Amino acid sequence: MTDNNTPSNPSATAAASQLFAYAPAPESRAVVDLAPSYGLFVDGEFREAAAGKVFKTLSPATEEVLAEVAHAGEEDVEAAVRAARAAFGPWAALPGAERAKFLFRIARLIQERSRELAVLETLDNGKPIRESRDADLPLVAAHFFYYAGWADKLSYAGLGPDPRPLGVAAQVIPWNFPLLMLAWKIAPALAAGNTVVLKPAETTPLSALFFADICRQAGLPKGVVNIVTGDGATGAALVAHPDVNKVAFTGSTAVGRQIARTVAGTDKRLTLELGGKGANIVFEDAPLDQAVEGIVGGIFFNQGQVCCAGSRLLVQESVQDEVLDALKRRLATLRVGDPLDKNTDVGAINSAEQLARITELADAGEAEGAERWSAPCALPSEGYWFAPTVFTDVSQAHRIAREEIFGPVLSVLTFRTPDEAVAKANNTPYGLSAGIWTEKGSRILKMANQLRAGVVWANTFNKFDPTSPFGGYKESGYGREGGRHGLEAYLEHA
């Protein structure tokens with residue numbers, strides 16, 4: 001945070017921050033007991049891949065190998081789906097109150113092991129421990145608690161008097177929120193009486209495998225949850241399996257299109273939560289200090305690797321200079337570095353591949369004439385890092401205004417009237433999120449009705465709750481996760 005005595009230019013701010021530098025406050029890695037290798041979790045047991053294939057998962061902050069992980073092939077996917085199918089009948093036949101007991105146990109175990117899981121998530125993903133500990137893990141537990149409460153109340157969900165589970169759910173999750181995306185998908189599926197085969201992202205498989213151990217610890221019946229690790233080919237085999245009744249995917253729009261083509265012509269139910277290019281709209285009457293914090297949280301949280309990130313800042317012309325000056329002062333105070341340090345604000349980019357994409361798009365922004373400014377910070381010599389970056393003089397035609405960068409890069413555009421703000425915000429193939437900053441409640445309501453986005457935040461950004469549905473329009477996918485709406489995707493109803 002800054003105060004009235006903060007120097008007005010970034011270099012002075014950086015110098016001042018050196019005078020009052022934070023001492024290192026690293027979280028201990030000792031709370032996580034990492035094995036050298038991990039197998040697939042099928043039918044309640046860990047096993048090697050049938051073909052014996054393995055891959056390595058790295059720490060993005062140091063590039064060190066964390067563990068070796070089994071690489072599932074078609075034979076392994078077949079075994080996992082077969083186990084889930086065998087477990088489906090007994091699991092679905094349990095009274096909802098009995099299923100709820102297992103979900104409650106899982107939620108409590110997540111809370112009990114939250115420090116261990118937060119450190120693991122930070123090691124494998126690269127996000128700051130503060131975010132893993134204070135944002136991700138509480139939400140993970142909250143989703144299991146919330147859907148445990150629904151398990152014996154499905155007939156009151158507004159989905160018909162006798163909603164029934166679909167069967168086996170194939171779930172493919174991304175690397176930006178590995179454990180949270182797992183909770184978003186597994187919790188409603190189990191509450192509704194389905195069984196699950198889940199494939200975590202190739203670069204972040206560890207927290208899903210630790211969750212498998214939690215399932216065993218909770219006494220979850222064998223085959224109800226199965227975890228198959230691997231690359232895109234593993235996910236494709238799972239999605240295409242003929243004995244899967246439901247497919248849920250969170251990830252890139254390009255992969256979402258492939259999955260939609262695979263599922264087309266079958267009776268599989270499908271939900272897709274894909275990319276985004278969220279607009280964060282700041283009006284001249286907004287509380288600007290609060291808005292600046294919202295802008296920072298909207299795009300630099302989790303290094304901007306958030307599908308609903310506010311990656312396009314639309315600021316009213318009359319306050320453009322004031323907002324940008326305050327934003328740059330704030331960014332100069334962000335601490336970039338060791339994700340396990342509790343003082344770190346911005347951690348490592350998840351992989352070399354993702355860093356290359358961010359770099360390529362940022363270079364394209366400069367080449368197309370936008371003005372680039374990066375926060376003054378020293379980047380570590382090892383690992384995958386990108387300084388928080390702001391582009392001004394951006395037009396709607398620039399690639400950085402149209403394409404999802406999925407990194408700590410903010411594109412700034414201006415507007416004069418609310419109608420112009422709506423037109424610019426909606427001028428995107430995506431429709432996942434948006435934010436509005438203004439003191440006028442009537443303007444918030446009017447703008448929210450006009451913005452074609454699945455989630456619209458008012459005077460805040462990136463706020464999540466398990467009771468609230470989340471999802472998008474257009475190329476951001478279809479279907480909703482979270483809330484009562486999240487149950488609908490896993491139930492047959494009249």
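We're numbering straight along the sequence, starting at 1. On a predicted model such as this, the values are computed, not experimentally measured, just so you know.
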Start with the C-alpha distance between T467 and D465, add both sets of side-chain angles, then the distance that settles side chain to side chain donor-acceptor pair (under 3.5 Å), and finish with yes or no. CA-CA 5 Å; T467 67; D465 189 282; 2.5 Å; yes

Surrounding CG of D134 (heavy atoms of other residues, nucleotides or ligands, distance under 6.0 Å), is the total greater than 12? yes

Heavy atoms of other groups near E360 CD, more than 12 under 6.0 Å: yes

Please name the pair of heavy atoms, one in [X] and one in [Y], separated by the smallest distance, quoted to 0.1 Å.
X: L314; Y: A425; value: CD2-N, 3.8 Å
X: A183; Y: P188; value: O-CD, 3.7 Å
X: A387; Y: S374; value: CB-CB, 4.3 Å
X: Y147; Y: G483; value: OH-O, 2.8 Å

Validation row: [X], [Y] side chains within 4.5 angstrom (heavy atoms):
X: P418; Y: F283; answer: yes
X: V296; Y: L334; answer: yes
X: S433; Y: F461; answer: yes

What I want to find out is whether [X] reaches [Y] closely enough, with some N-O distance under 4.0 Å, to be called a salt bridge.
X: E64; Y: R29; answer: yes
X: E488; Y: R484; answer: no
X: K53; Y: D231; answer: no
X: D363; Y: R372; answer: yes

Please step through side chain to side chain contact (heavy atoms under 4.5 Å, CB included) for the pair K440 and M447, ending with a clear verdict. CA-CA 11 Å; K440 295 181 174 62; M447 291 282 292; over 6 Å; no

Donor-acceptor contact below 3.5 Å, side chain [X] vs main chain [Y]:
X: S114; Y: Q111; answer: yes
X: K199; Y: G230; answer: yes
X: Q354; Y: F406; answer: yes
X: R402; Y: A397; answer: yes
X: T344; Y: D338; answer: yes
X: N459; Y: Q290; answer: no
X: K474; Y: A453; answer: no
X: T229; Y: A70; answer: yes
X: N176; Y: Q305; answer: yes
X: D341; Y: A25; answer: yes

Between R330 and T333, is a side chain to side chain contact (heavy atoms under 4.5 Å, CB included) present by the stated rule, with each step listed? CA-CA 5 Å; R330 180 67 180 94; T333 70; 2.6 Å; yes

Would you please test K424 and E420 for salt bridge (Lys or Arg N to Asp or Glu O under 4.0 Å) and show each step? CA-CA 6 Å; K424 286 186 172 181; E420 183 184 358; 3.3 Å; yes

Check salt bridge (charged side-chain N to carboxylate O under 4.0 Å, His left out) between D345 and all other residues, then give those that pass, not counting sequence neighbours. R130, R335

Identified side-chain contact (heavy atoms from CB on, under 4.5 Å) counterpart of V315 within the set V412, T392, N280, L413: V412

Aromatic ring proximity W184/F177, centre distance under 6.0 Å: no

What verdict does the side chain to side chain donor-acceptor pair (under 3.5 Å) test give for Q320 and T414, after you've listed the backbone C-alpha separation in whole Å, the side-chain angles of each residue and the deciding distance to 0.1 Å? CA-CA 7 Å; Q320 176 190 8; T414 61; 5.1 Å; no

Does the pair C307 and E273 meet the rule for a side chain to side chain contact (heavy atoms under 4.5 Å, CB included), with working shown? CA-CA 9 Å; C307 53; E273 196 264 281; 3.1 Å; yes

Whether R480 engages the ring of Y473 as a cation-pi pair (distance to the six-membered ring centre under 6.0 angstrom, angle to the ring normal within 45°) should be assessed. yes

Between E475 and T253, is there a side-chain donor-acceptor contact under 3.5 Å, judged purely by atom types and distance? no

Quiz: residues 201-212 side-chain donor-acceptor pairs under 3.5 angstrom, not counting sequence neighbours:
from, atom 1, to, atom 2, distance (Å)
T203, OG1, N350, OD1, 2.8
S207, OG, E121, OE1, 2.8

Pair T271, K246 - check side chain to side chain donor-acceptor pair (under 3.5 Å), show working. CA-CA 8 Å; T271 52; K246 157 74 181 175; 2.9 Å; yes

What do the steps show when you test I281 against L451 for side chain to side chain contact (heavy atoms under 4.5 Å, CB included), and what is the final call? CA-CA 11 Å; I281 305 167; L451 292 170; 4.1 Å; yes

